[in-house]
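Below, chain A is the first sequence line, B the second, and so on; all start at residue 1.
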There are 2 protein chains.
Amino acid sequence: MQDGEVFAALADPTRRDVLQLLADRGQASATTLAADLPVSRVAVVKHLGVLDKAGLVARREAGREVRYEVRPERLELAARRLVEVAAAWDARLAAIKRIAEEER
Amino acid sequence: MQDGEVFAALADPTRRDVLQLLADRGQASATTLAADLPVSRVAVVKHLGVLDKAGLVARREAGREVRYEVRPERLELAARRLVEVAAAWDARLAAIKRIAEEER
DNA sequence: CGCTCGTGCAACCCTAGGGTTACACATCCA
DNA sequence: TGGATGTGTAACCCTAGGGTTGCACGAGCG
């Protein structure tokens, strides 16, 4: 459940569609999701698999079918990490700029 | 310069290394970056290309060499979008939960 | 019980893209 | 001017992974 996995998960357009669709419905199975997507059920299952590993989605078995639901917390966490990294870069850049100023 | 491009750019580990290295140095050319990475210069150039398209890096020609530098703003922007999406999902999930409560 | 529906799984196809080497060209400097 | 040095580009290799079809299996229901 690394950050890299989250980015990789978010990188694929079909996967983002799956995520969005899932968010709209609250919860759904791979089969019903596939009905409203231009790809097969198997493809959707694979996508849900990587989304699950990335922690962006929760898998819950209900009888003979498998329900998935979105987990916004993970997305927020990833976003916060991004902000942290960006801030760190900013600080470093500011420091470099300051040094450049002093040397002038 | 779509959001998808940013995620795709961030998805590759080598690319993240390039980004980090670039952030450490403030600015650098593809050749000098390649010196401290386990891949060839050509590979680094390609990576810098997608980072550039994603807006995460700025390309600046200086004489016969090409300097690149990191652009934290784009990273922050992407992060903010993520937070927005997560918030939207949260709201939707909350709504669905509320409806479920009412139906009870 | 028998039929249907939802999953899991295996085998396969095909392209994107990350990586390489080799060569041509431009710029800087002794 | 000539030789390093830094880029760009072309041709190529190879795997990851997104997509498919086909089939077997288990759960639910008339």
Side-chain angles (χ1 to χ4, degrees), chain A residues 1-22 24-70 78, chain B residues 1-22 24-70 78:
Chain A
M1 201 159 70
Q2 282 286 317
D3 268 9
E5 286 182 341
V6 176
F7 299 142
L10 257 27
D12 185 78
T14 303
R15 215 133 51 204
R16 288 198 298 275
D17 289 346
V18 169
L19 224 34
Q20 188 58 53
L21 206 51
L22 201 54
D24 288 344
R25 304 196 180 174
Q27 83 179 25
S29 69
T31 303
T32 60
L33 286 172
D36 281 352
L37 286 171
V39 297
S40 74
R41 171 187 63 97
V42 181
V44 174
V45 171
K46 287 187 185 177
H47 285 309
L48 287 170
V50 346
L51 289 172
D52 188 25
K53 266 182 197 154
L56 291 172
V57 132
R59 174 198 169 92
R60 218 174 65 205
E61 315 206 358
R64 75 173 153 179
E65 63 183 271
V66 181
R67 297 282 181 69
Y68 291 87
E69 57 183 49
V70 110
Chain B
M1 203 159 69
Q2 281 287 315
D3 270 8
E5 286 182 341
V6 176
F7 299 142
L10 259 26
D12 184 78
T14 303
R15 217 135 49 207
R16 288 198 299 273
D17 289 346
V18 170
L19 226 34
Q20 188 59 52
L21 206 51
L22 201 54
D24 288 344
R25 304 196 179 174
Q27 84 180 23
S29 70
T31 303
T32 59
L33 286 172
D36 282 351
L37 286 171
V39 297
S40 75
R41 172 188 62 96
V42 180
V44 174
V45 171
K46 287 186 186 178
H47 285 308
L48 287 170
V50 346
L51 289 172
D52 188 26
K53 265 181 199 157
L56 292 172
V57 133
R59 174 199 168 93
R60 217 173 66 203
E61 315 205 359
R64 76 172 151 181
E65 61 184 273
V66 182
R67 298 282 181 68
Y68 291 87
E69 57 182 49
V70 109

salt_bridge(B:Lys53, B:Glu5) N-O dist < 4.0 Å: no
Atom pair NE2 (B:His47) and CG (B:Leu37), whose distance is rounded to the nearest 0.5 Å: 9.0 Å
N/O donor-acceptor pair, side chain B:Lys46 with base C:dG19, under 3.5 angstrom: yes
Presence of salt bridge, B:Asp12 and B:Lys46, under 4.0 angstrom: no
For DNA chain C, the residues among residues 61-68 of chain A that have a non-hydrogen atom under 4.0 Å from it: A:Arg64, A:Glu65, A:Val66
Protein-nucleotide distance (A:Asp12, atom CG; D:dA16, atom C1'), rounded to Å: 13 Å
pair A:Asp17-A:Leu21: side-chain heavy atoms closer than 4.5 Å: no
Side chain to side chain donor-acceptor pair (under 3.5 Å) partners for B:Arg67, two or more places apart: B:Glu65
For atom CD of B:Glu5 and atom C1' of C:dG17, their distance in whole Å: 15 Å
Contacting residues from residues 36-45 of chain A, given that a heavy atom lies under 4.0 angstrom of DNA chain C: A:Arg41, A:Val42
Polar side-chain atom of A:Arg15 near backbone of A:Ala8 as donor-acceptor pair, under 3.5 Å: yes
B:Asp3/A:Leu10 under side-chain contact (heavy atoms from CB on, under 4.5 Å): CA gap, chis, key distance, verdict: CA-CA 10 Å; B:Asp3 270 8; A:Leu10 257 27; over 6 Å; no
Rounded distance (Å) that lies between atom P of D:dG6 and atom CZ of B:Arg59: 16 Å
Backbone of B:Val66 reached by a side-chain donor or acceptor of B:Arg60 within 3.5 Å: no
Qualifying residues under salt bridge (Lys or Arg N to Asp or Glu O under 4.0 Å), relative to A:Arg59, sequence neighbours excluded: A:Glu61
N-O pairing of A:Asp36 and A:Arg25 below 4.0 Å: yes
Below 4.0 Å: OP1/OP2 of D:dG19 and any side-chain N or O of A:His47: yes
Relative orientation of the end axes in the helix from C:dC1-D:dG30 to C:dA30-D:dT1, expressed as an angle to the nearest 10° (five pairs per end): 20°
Gap between atoms CG and P, on B:Asp52 and D:dG8 respectively (whole Å): 11 Å
Proximity to DNA chain D (any heavy atom under 4.0 Å), residues of residues 13-22 of chain A only: A:Thr14, A:Arg15
